[in-house]
Student: 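Before we start, here is the structure in question, set down as structure tokens.
Predicted model, so just to flag it, every value in this text is computed and none were measured.
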Amino acid sequence: MDGDSERRKIKRGRRRVRLLLVGTVLTFALASLLVGLMADGAFPSSWLERGDPPDWVEVTGLVLAVLGLGLEIVALVRMVRSGSYRTDRESRLWAVSFRRRRELVRAVRRGVVDSPDDLPGCAPPPSS
């Protein structure tokens with residue numbers, strides 16, 4: 001692959017995954033909003049106790065939310081500092097379809113890769 005077309009394919013692959021993730025998050029956010037709106041009076045009062053939740057439930061929820069956010073920030077900082085974020089962004093696997101990527105992973109795990117030319121980024125240097 002030449003450098004320019006490969007970069008375009010890598011960008012397209014990253015964009016596809018990004019759109020998939022954003023779409024999934026938006027879909028679940030919209031679904032939970034709709035369920036929340038519909039559940040306002042849909043459940044029998046015997047199932048739900050009206051009023052504020054106990055204090056320990058509020059505190060536990062807040063602690064879990066803060067811990068989750070902190071853990072995610074630490075993981076992102078560690079990933080950027082170790083260089084794995086940049087390596088992933090520049091990986092040639094983004095230019096490969098999901099189906100082909102799955103096939104390559106299975107072949108590598110079984111140890112039956114036919115030749116290194118099959119793997120992205122392992123192509124031999126061009127001959128003169």
Side-chain angles (χ1 to χ4, degrees):
M1 284 186 195
D2 63 3
D4 194 36
S5 69
E6 185 177 15
R7 269 191 232 108
R8 277 196 306 268
K9 287 183 179 181
I10 290 171
K11 280 185 178 182
R12 186 176 58 223
R14 284 195 319 246
R15 190 178 317 121
R16 188 181 319 134
V17 169
R18 192 177 309 129
L19 286 174
L20 180 68
L21 291 174
V22 168
T24 303
V25 168
L26 288 177
T27 301
F28 278 105
L30 181 63
S32 29
L33 175 68
L34 290 174
V35 167
L37 290 175
M38 290 181 351
D40 189 25
F43 298 113
S45 60
S46 62
W47 290 6
L48 301 173
E49 292 293 326
R50 298 289 180 195
D52 293 333
D55 291 339
W56 67 271
V57 172
E58 288 183 13
V59 171
T60 303
L62 183 63
V63 167
L64 289 176
V66 170
L67 283 175
L69 181 63
L71 183 65
E72 186 154 345
I73 289 172
V74 167
L76 286 172
V77 167
R78 185 173 179 183
M79 186 173 65
V80 169
R81 283 191 176 176
S82 71
S84 63
Y85 179 74
R86 175 176 285 168
T87 302
D88 181 53
R89 282 186 53 90
E90 297 171 356
S91 172
R92 292 181 175 189
L93 281 176
W94 287 109
V96 179
S97 69
F98 286 119
R99 179 178 295 153
R100 179 71 177 133
R101 197 180 308 180
R102 234 184 348 256
E103 291 171 2
L104 289 172
V105 167
R106 287 181 185 145
V108 168
R109 285 185 181 159
R110 288 190 307 252
V112 293
V113 177
D114 295 333
S115 74
D117 299 340
D118 288 344
L119 301 175
C122 297
S127 58
S128 319

Student: Please name the pair of heavy atoms, one in S32 and one in A29, separated by the smallest distance, quoted to 0.1 Å.
Tutor: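 The pair with the smallest heavy-atom distance is OG-O, 3.2 Å.
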Student: As an exercise, state the distance from OG1 of T24 to CG of L19, rounded to the nearest 0.5 Å.
Tutor: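 Nearest 0.5 Å value for the OG1-CG distance: 10.5 Å.
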Student: If we only count heavy atoms from C-beta on, is the R16 to L20 side-chain gap below 4.5 Å?
Tutor: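 No - every pair of side-chain heavy atoms lies 4.5 Å or more apart.
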Student: Quick one: do M79 and V77 end up in the same hydrophobic cluster if we chain Ile, Leu, Val, Met, Phe, Trp and Tyr together by side-chain heavy atoms under 4.5 Å apart?
Tutor: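 As far as the 4.5 Å side-chain criterion goes, V77 and M79 are not connected within one cluster.
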Student: Begin from the C-alpha positions of E103 and R100 and carry the test salt bridge (charged side-chain N to carboxylate O under 4.0 Å, His left out) through to its verdict.
Tutor: CA-CA 5 Å; E103 291 171 2; R100 179 71 177 133; 3.4 Å; yes
Student: Please give the remaining members of the hydrophobic cluster of V63, linking ILVMFWY side chains under 4.5 Å, ordered by chain and number.
Tutor: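 Direct or chained contacts put V63 with V59, L67.
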Student: In Å, rounded to the nearest 0.5 Å, how long is the span from CZ of R12 to CZ of R15?
Tutor: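 One gets 8.5 Å once the value is rounded to the nearest 0.5 Å.
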Student: Could I get the full list of side chain to side chain contact (heavy atoms under 4.5 Å, CB included) partners for R78, not counting sequence neighbours?
Tutor: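 Result, side chain to side chain contact (heavy atoms under 4.5 Å, CB included) vs R78: none returned.
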Student: Look at the side-chain heavy atoms of Ile, Leu, Val, Met, Phe, Trp and Tyr, link any pair under 4.5 Å apart, and say whether L21 and F98 land in one connected group.
Tutor: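 Cluster IDs for L21 and F98 match.
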